[in-house]
2 protein chains.
Amino acid sequence: MTLDEKISTDTLSKTRLRLWLRLLKLTGSIEAELRRRLRDQHGTTLPRFDVMAALARHPEGLKMSELSTFLRVSNGNVTGVVDRLTEDGLACRVAFPGDRRAQVARLTEAGKAEFAALAVDHESWINDMLDGFDEDEAQHLLALLSASTEGGPRP
Amino acid sequence: MTLDEKISTDTLSKTRLRLWLRLLKLTGSIEAELRRRLRDQHGTTLPRFDVMAALARHPEGLKMSELSTFLRVSNGNVTGVVDRLTEDGLACRVAFPGDRRAQVARLTEAGKAEFAALAVDHESWINDMLDGFDEDEAQHLLALLSASTEGGPRP
DNA sequence: GCCTAAAATTTCAAGCTTGAAATAAAATTC
DNA sequence: GAATTTTATTTCAAGCTTGAAATTTTAGGC
């Protein structure tokens, strides 16, 4: 590697690090605000919202391990969050035909109604918090973020 | 609001939501991979790394509430993470002159050495995980992300 | 100087999160 | 068919995180 190559690589490395820190700052602050509003206005939490959102997209329900894969969290975490949603009457577990190990988590009618209200607010809040981006900028960012990082980082 | 305005607003709202979900996916997957590598290769955690990084930038140390403000986490959280860093000999608490309530957290020599190694790997990993962005794209993203969202969302 | 309000940190309860162990059930191999 | 391996979920220990209460200390008002 020539000296110019090294300097160039080091510069790019620093730029990517700054980009990463900027991304973290943006998503961190939005996430913190989402958590605050979910707690204050709906008495719920972001992980519960995430689980409900996943189940809302699958009206027939999801197996616990499907849910953990979909949300990219551990099986144990999903067990705990679904436990609490079930205790609150917003979700239920039903048996999976043909496999007594497996269970399907599903939103109840109450859960669907609650999520419908949450989803409206959630979209409105995100729209509000990203109002610095107009349609062109948002589409541009989406294109930049999707083309180069399909599938996220490699382990 | 005319119908065209409404349609336009709804479209922009959906685009911002899609942008948000894309940002979350990207930062979530990078963060998860960082956590995994920090644990496997350094036996540490991301919150500890964050605290060490903050203290590394302030060689004289930071007061506990300064640290919680800097990292945008609660005072209780900072207490716990600094406790564990102190137990591991990587940080220490020293009295703050003139105010017996306050304490200053500071990296020890061992902590500084450990952080030096962590920082090198951290930058290398980020560089690796964002290698889909060349210098132009990274600079462009930085510009887009910084101009429109200075200071993050408003509460 | 005494009293009250504010500040700095820790403690606490509750929720979240991981990764591994435990348990029960299904699949595979022989 | 029995034994072994794999799978699905829960349980567990450890760490993280919040926001409020508790405690100690400082600052300000009278």
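Reminder, nothing fancy here: chain letters follow the sequence lines and each chain counts from 1.
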Query raised in the report: A:N75 near the nucleic acid: base, sugar-phosphate alone, or nothing, with a heavy-atom cut-off under 4.0 Å?
Result: base

Report task. Select base, sugar-phosphate, or nothing to describe what A:S65 touches, counting heavy atoms under 4.0 Å on all strands. Result -> sugar-phosphate

Query raised in the report: Would you say the side chain of A:R72 lies within less than 4.5 Å of the side chain of B:K25, judging by non-hydrogen atoms?
Result: yes

Report task. For A:R48, answer base if it contacts any base atom (sugar-phosphate contacts may also be present), sugar-phosphate if it contacts only those atoms, and nothing otherwise; contact means non-hydrogen atoms under 4.0 Å. Result -> sugar-phosphate

**Report entry** Donor-acceptor pair present, A:R101 side chain and C:dA24 base, under 3.5 Å
**Finding:** no

Requested in this report: Select base, sugar-phosphate, or nothing to describe what A:T45 touches, counting heavy atoms under 4.0 Å on all strands.
Outcome: sugar-phosphate

Query raised in the report: Side-chain donor-acceptor pair under 3.5 Å between A:T15 and B:E135, yes or no?
Result: yes

Query raised in the report: Base, sugar-phosphate alone, or nothing: which one does A:R39 contact when heavy atoms must sit under 4.0 Å apart?
Result: sugar-phosphate

Requested in this report: Answer whether the closest heavy-atom distance between the side chains of B:M64 and B:V82 falls below 4.5 Å.
Outcome: yes

Query raised in the report: Between C:dT23 atom P and A:R100 atom CZ, what is the distance in whole Å?
Result: 18 Å

Query raised in the report: Checking all strands, does A:G80 fall into the base, sugar-phosphate, or nothing category for heavy-atom contacts under 4.0 angstrom?
Result: nothing

Query raised in the report: Are the side chains of A:R93 and A:D83 in touch, meaning some heavy atoms are under 4.5 Å apart?
Result: yes

Requested in this report: Measure up the A:W125 and A:H42 rings against each other and bin them: parallel (under 30°), tilted (30 to 60°), perpendicular (over 60°).
Outcome: perpendicular

Requested in this report: Under 4.0 Å from any heavy atom of chain B: name the first and the last nucleotide of DNA chain D that qualifies, 5' to 3'.
Outcome: D:dG15 to D:dT26

Query raised in the report: Does the side chain of B:S13 come under 3.5 Å of the side chain of A:E123 through a donor N or O and an acceptor N or O?
Result: yes

Query - Most 5' of B:N77 and A:D50 on DNA chain C, judged by nearest nucleotide - result: B:N77

